[in-house]
Colleague: 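Would you mind keeping the following structure in view while I ask a few things?
From a predicted model like this one, the values you see are computed outputs, not experimental measurements.
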Amino acid sequence: MAAHQDMDTSNPAVFVNAELLRMYVGRKVRALVQVIRSENGAVIGKSTDDNQIVVKGSPPGSLTNFVEVIGIADGDKSIRAEVWNNFGDAIDTHNYNQKYKELVVVRT
């Protein structure tokens, strides 16, 4: 139980891809990103909709090909990450992107 004490359930993260990110600037978001490269303290990646996202913050020592980031959308194409989760080296990004679209339809 102690591991869950830091979980903030009062402000859940919205699932986004690069296209949806602009709608949530200033809010907590969650995104799956394919790591392309790291430069100047940021990770340049590709969202599940094949658009570029810049993730700022302090990633763990080594990253897998795909990472999930949770943080604040600080621009229409960037996230200031608070949490980095390695997701492995192969993921079906098409299915993830379809889920994002379904979530938007349900919310509207």
Colleague: Under 3.5 Å, sequence neighbours excluded: what are the donor-acceptor pairs made by side chains of residues 54-73?
Modeller:
residue : atom : partner : partner atom : Å
Lys56   : NZ   : Asp74   : OD2          : 3.2
Thr64   : OG1  : Phe66   : O            : 2.7
Thr64   : OG1  : Asn86   : OD1          : 3.4
Thr64   : OG1  : Phe87   : N            : 3.3
Thr64   : OG1  : Gly88   : N            : 3.1
Thr64   : OG1  : Gly88   : O            : 3.3
Asn65   : ND2  : Asp89   : O            : 3.3
Glu68   : OE1  : Asn85   : ND2          : 2.9

Colleague: Which residue pairs satisfy the salt bridge (Lys or Arg N to Asp or Glu O under 4.0 Å) criterion with at least one member in residues 34-45, sequence neighbours excluded?
Modeller: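 Qualifying pairs: Arg37-Glu39.
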Colleague: Honestly curious: do Val33 and Ile36 fall in one hydrophobic cluster under the side-chain, below-4.5 Å linking rule?
Modeller: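 Val33 and Ile36: separate clusters.
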Colleague: Working to the nearest 0.5 angstrom, can you tell me the gap between Ile53 CD1 and Ile79 CD1?
Modeller: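 These two atoms lie 5.0 Å from each other.
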Colleague: Just how far is it from atom CG of Leu32 to atom CZ of Phe15, taken to the nearest 0.5 Å?
Modeller: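 One finds 10.0 Å between CG of Leu32 and CZ of Phe15.
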Colleague: Could you tell me the separation between the CD atom of Glu19 and the OG1 atom of Thr48, rounded to the nearest 0.5 Å?
Modeller: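 Between atom CD of Glu19 and atom OG1 of Thr48 there are 10.0 Å.
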Colleague: Output the distance between atom NZ (Lys77) and atom CG (Asn51), rounded to the nearest 0.5 Å.
Modeller: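 Here the interatomic distance stands at 5.0 Å.
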Colleague: Closest heavy-atom contact between Ser47 and Ala18?
Modeller: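 Scanning both residues, the minimum pair turns out to be OG-N, 2.9 Å.
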Colleague: Tell me whether Leu21 shares a hydrophobic cluster with Val25, the cluster being built from Ile, Leu, Val, Met, Phe, Trp, Tyr side chains joined at under 4.5 Å.
Modeller: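 Leu21 does not cluster with Val25.
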Colleague: Minimum heavy-atom separation for Ser38 and Val43, please, with both atom names.
Modeller: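 So the two residues come closest at OG-CG2, 3.7 Å.
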Colleague: Please list, chain by chain and in numerical order, all residues satisfying side-chain contact (heavy atoms from CB on, under 4.5 Å) with Arg22, sequence neighbours excluded.
Modeller: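 For Arg22, the residues satisfying side-chain contact (heavy atoms from CB on, under 4.5 Å) (neighbours in sequence not counted) are Asp76.
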